[in-house]
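Structure record follows, encoded as structure tokens.
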Protein chains: 2
Amino acid sequence: MDRDQTEKDDEASGRPTLKTLAFMTGLGVTTVSRALKNAPEIGAETRRRVQLVAKQIGYRPNRAGVRLRTGKTNVISLVLNTEREIMSFVSDIIYGVSEVIADTPYHLIVTPYSRSQDPLDPIRYLVETGSADGVIISRTQPNDPRARYMLERGIPFATHGRTDMGLIHPYHDFDNYAFATEAVRHLAGIGRRRLALLAPPVELTYHSHTLNGFTDALSEVGASEIPFNTVSVDHSIEQIRMRTAQMMRRDVRPDGFVSSAAAATLAIVAGIEDAGLKLGRDVDVVSKQSSDLLHLFRRELLVVNENFRLAGAELARSVLGWIGGATPGSLQSLSKPTGVLAYRPPD
Amino acid sequence: MDRDQTEKDDEASGRPTLKTLAFMTGLGVTTVSRALKNAPEIGAETRRRVQLVAKQIGYRPNRAGVRLRTGKTNVISLVLNTEREIMSFVSDIIYGVSEVIADTPYHLIVTPYSRSQDPLDPIRYLVETGSADGVIISRTQPNDPRARYMLERGIPFATHGRTDMGLIHPYHDFDNYAFATEAVRHLAGIGRRRLALLAPPVELTYHSHTLNGFTDALSEVGASEIPFNTVSVDHSIEQIRMRTAQMMRRDVRPDGFVSSAAAATLAIVAGIEDAGLKLGRDVDVVSKQSSDLLHLFRRELLVVNENFRLAGAELARSVLGWIGGATPGSLQSLSKPTGVLAYRPPD
DNA sequence: CCTATATACTGAAACGTTACAGATTGTCAC
DNA sequence: GTGACAATCTGTAACGTTTCAGTATATAGG
């Protein structure tokens with residue numbers, strides 16, 4: 001009677017639950033639950049038996065059940081700016097994150113914030129609704145309210161880029177200081193003396209990293225700077241192109257560029273050519289790139305690679321590490337630029 | 001006594017629940033639940049009162065609770081191939097989807113499938129674990145096992161690209177037939193007679209769409225095809241570049257190209273130049289692009305724009321529509337190519 | 001033989017929500 | 001005054017999980 005009823009209940013519903021396993025093994029749900037998570041108070045044989053059956057029938061814990069009971073979501077949220085983030089960037093980071101969480105119970109959810117919205121809004125939403133166990137943010141600022149907020153609430157996160165608030169948290173960053181210094185040294189090495197920098201937007205931390213590297217290396221090699229700070233990599237292709245062309249038509253114009261983004265570099269080159277000058281002859285450009293396409297564009301371009309897939313992977317590892325109990329300070333990483341590829345025109 | 005206890009319970013936990021609202025309004029949780037979803041058996045004043053209080057204290061339904069009780073996840077899953085999907089593509093689609101689900105209760109989760117994995121695996125996972133209310137897939141095939149599977153299980157989905165199985169489901173597709181015909185006509189119009197097509201991979205549906213458009217237009221304008229089917233847009237930049245260069249060194253070589261992807265076009269142009277030929281003089285290339293960058297690369301390139309952000313938005317609308325009860329057949333859309341931009345060299 | 005203690009297991013309750021099956025009114029017809 | 005009925009509200013159970021507070025059995029110490 002009792003048995004029949006339970007049996008019927010279990011066979012009716014499609015997906016196996018703890019109750020199903022309990023019935024099949026003849027144990028209580030509590031025992032099954034504990035056996036599956038290797039609790040010490042369960043006999044060794046029972047444990048193996050339960051786990052065997054669970055694997056056989058393809059038991060997977062119901063996420064909603066776990067989440068409701070424990071508050072654990074098994075979700076990592078990647079928070080993205082809908083219009084400012086550079087294209088290839090995003091997909092590479094996503095792939096990097098995916099790679100790492102692939103064989104964990106975690107899911108990746110993408111939380112966008114749009115237009116004129118406060119960047120803190122999506123973070124508040126995530127924290128208030130308890131929608132994620134961990135968060136990844138980018139476009140990090142020196143004094144970042146999002147990082148501060150999450151630190152206060154004690155929710156694990158990692159930032160793409162560093163902050164500068166005297167607070168410790170996991171991050172992954174590309175060494176933009178090293179990028180800028182190497183770029184300047186290389187340009188100086190091939191005889192360029194008046195350099196312009198297309199920098200990241202001022203509000204982001206890596207703006208000053210890049211700028212510091214640039215100016216430090218300038219004085220090191222004794223070259224001078226041609227100011228180019230009316231635009232940043234966040235500006236439109238058209239604006240950058242126009243400003244570049246304007247600048248290249250002036251008497252005192254740069255003979256070398258350092259560009260912090262691949263798309264912007266296309267615009268710079270276009271601007272240079274608009275002004276009737278020739279890349280590799282009148283001016284050289286060193287650019288960061290994330291996909292391997294710039295050298296197809298103009299083979300005279302000098303490129304430095306930034307690996308966003310790696311960044312995504314590192315960020316995911318950091319967040320998971322923090323969730324897993326590691327200390328935030330031990331989850332910081334910096335990736336060095338992979339060498340300047342010097343494509344000098346063969347002729 | 002009873003009151004004190006309830007009060008204490010509610011104030012202890014941070015986030016308001018139905019119980020909190022019930023206590024504040026003096027109603028039962030059932031009534032509150034119904035009032036919030038505008039059930040007819042709730043008095044008009046009560047309804048307003050409950051909704052007012054709910055808004056004031058910022059009540060948000062607990063997703064885990066809803067999901068456990070109803071099975072509704074409020075999740076849309078975007079299933080992506082980790083290595084094959086083209087870069088900018090992905091982020092644009094994500095942004096498009098985000099845009100549409102922004103003011104719905106839905107979250108977007110990204111489900112990747114990697115390497116040598118069966119494309120059906122992630123779909124099976126989603127369906128078996130009931131992880132999503134709706135699914136979006138790309139890299140659609142004429143006979144697509146994923147679409148068939150989801151159709152059988154009755155789970156709402158939309159495909160980026162069409163199938164050809166005689167089954168009806170929502171899709172969004174770019175009109176690649178029109179793209180190919182317009183491209184060929186344009187090339188013929190500027191005097192090109194021997195055309196090569198860099199097609200999508202054969203297994204995907206839009207391969208034949210593109211190919212049909214190409215060959216139909218060829219016979220229409222009386223031009224001939226130079227076979228170029230040893231590579232597809234899925235091949236590496238290096239392979240495409242090499243094959244192109246090989247072909248361009250032969251006696252009978254194309255004087256026009258139609259390319260189905262922007263990245264591949266970079267490779268084609270590189271190959272053309274490797275062979276010592278000049279774009280716009282010896283050969284013209286019409287290419288699809290998703291971001292507006294190709295004309296910066298070589299201004300002789302002829303480009304047709306495919307809007308992936310729009311695609312993402314349409315796909316999201318379709319899935320939501322299906323979930324909302326619309327008939328699958330009414331959720332299909334095709335986007336026309338936006339005109340060939342004819343950048344002829346001015347000199 | 002009785003008590004203490006470790007070992008292996010178990011039922012009940014709770015997380016927040018919704019659906020089902022009432023319960024309590026008030027109104028109206030007769 | 002009674003019964004029928006609509007309108008409005010409510011308690012209980014259930015979704016699948018984990019935690020709490022046990023229970024039952026075996027082993028050992030005295």
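Only a predicted model underlies this, so the values are computations on that prediction, with no experimental measurement involved.
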For this session: In whole angstrom, give the distance that lies between atom CZ of R67(B) and atom P of dC15(C).
Result: 21 Å

Exercise. What distance do T140(B) atom OG1 and H169(B) atom NE2 have between them, rounded to the nearest 0.5 Å?
Worked result: 7.0 Å

Exercise. By side chain to side chain contact (heavy atoms under 4.5 Å, CB included), which residues pair with L310(B), not counting sequence neighbours?
Worked result: N307(B), E314(B), S335(B)

Exercise. Roughly how many Å is it from CZ in F23(A) to C1' in dG11(C), rounded to a whole number?
Worked result: 18 Å

Problem set entry | Residues which pass side chain to side chain donor-acceptor pair (under 3.5 Å) with Y59(A), listed by chain and number, not counting sequence neighbours | none

Exercise. By side chain to side chain donor-acceptor pair (under 3.5 Å), which residues pair with R153(A), not counting sequence neighbours?
Worked result: none

For this session: Quick one: pull up NE2 in H160(B) and OH in Y171(B) and give me the separation to the nearest 0.5 Å.
Result: 12.0 Å

At a cut-off of 3.5 Å, list every protein nitrogen or oxygen paired with a nitrogen or oxygen from nucleotides 5-12 of chain D, distance to 0.1 Å.
residue : atom : partner : partner atom : Å
dC9(D)  : OP1  : T46(B)  : OG1          : 2.7
dC9(D)  : OP2  : G43(B)  : N            : 2.8
dC9(D)  : OP2  : T46(B)  : OG1          : 3.3
dT10(D) : OP2  : G28(B)  : N            : 2.7
dT10(D) : OP2  : T31(B)  : OG1          : 2.6
dT10(D) : O4   : R34(B)  : NH1          : 3.0
dG11(D) : N7   : T30(B)  : OG1          : 3.2
dG11(D) : O6   : T30(B)  : OG1          : 2.7

Exercise. What residue pairs, at least two apart or across chains, pass ring pair (Phe, Tyr, Trp, His ring centres under 6.0 Å) with a residue in residues 312-335 of chain A?
Worked result: F157(A)-W322(A)

For this session: Output the distance between atom NZ (K55(B)) and atom CG (L52(B)), rounded to the nearest 0.5 Å.
Result: 8.5 Å

Exercise. Should K37(B) be listed as having a side-chain N or O under 4.0 Å from OP1 or OP2 of dT18(C)?
Worked result: yes

Any protein N or O atoms within reach of nucleotides 26-28 of chain C? Criterion: under 3.5 Å, listing atom names and distances.
none

Problem set entry | Plane angle bin for F308(B) and F89(B) - parallel if under 30°, tilted between 30 and 60°, otherwise perpendicular | parallel

Problem set entry | Nearest-Å distance for atom pair CG/P, residues N74(A) and dT17(D) | 13 Å

Exercise. By a strict heavy-atom criterion of less than 4.0 Å, which residues belonging to residues 53-66 of chain B are in contact with DNA chain D?
Worked result: none

Exercise. dC15(D) C1' sits how many Å from K19(A) NZ, rounded?
Worked result: 10 Å

Exercise. Given atom CZ of R15(B) and atom C1' of dT17(C), what is their separation to the nearest angstrom?
Worked result: 12 Å

Problem set entry | Any residue meeting ring-ring contact (aromatic ring centres under 6.0 Å, His included) with H107(A), in chain and number order, not counting sequence neighbours | Y125(B)

For this session: Applying side chain to side chain donor-acceptor pair (under 3.5 Å), name anything that partners E128(A), two or more places apart in sequence or on another chain.
Result: none

Kindly list each side-chain donor-acceptor pair under 3.5 angstrom involving residues 26-35 of chain B, sequence neighbours excluded, with atom names and distances?
residue : atom : partner : partner atom : Å
R34(B)  : NE   : E41(B)  : OE2          : 3.3
R34(B)  : NH2  : E41(B)  : OE2          : 3.1

Exercise. Using the C1' atoms of five pairs at each end, what's the angle between the two axes of the helix from dC1(C)-dG30(D) to dC30(C)-dG1(D), to 10 degrees?
Worked result: 60°

Problem set entry | Atom pair distance, as rounded to whole Å: CG in L18(B) and P in dT18(C) | 6 Å

Exercise. Got more than 12 heavy atoms from elsewhere within 6.0 Å of CD, E45(A)?
Worked result: no

Exercise. Mind checking what makes side chain to side chain donor-acceptor pair (under 3.5 Å) contact with T70(B), not counting sequence neighbours?
Worked result: none

Problem set entry | d(CZ, R69(B); P, dT17(C)) in whole Å | 13 Å

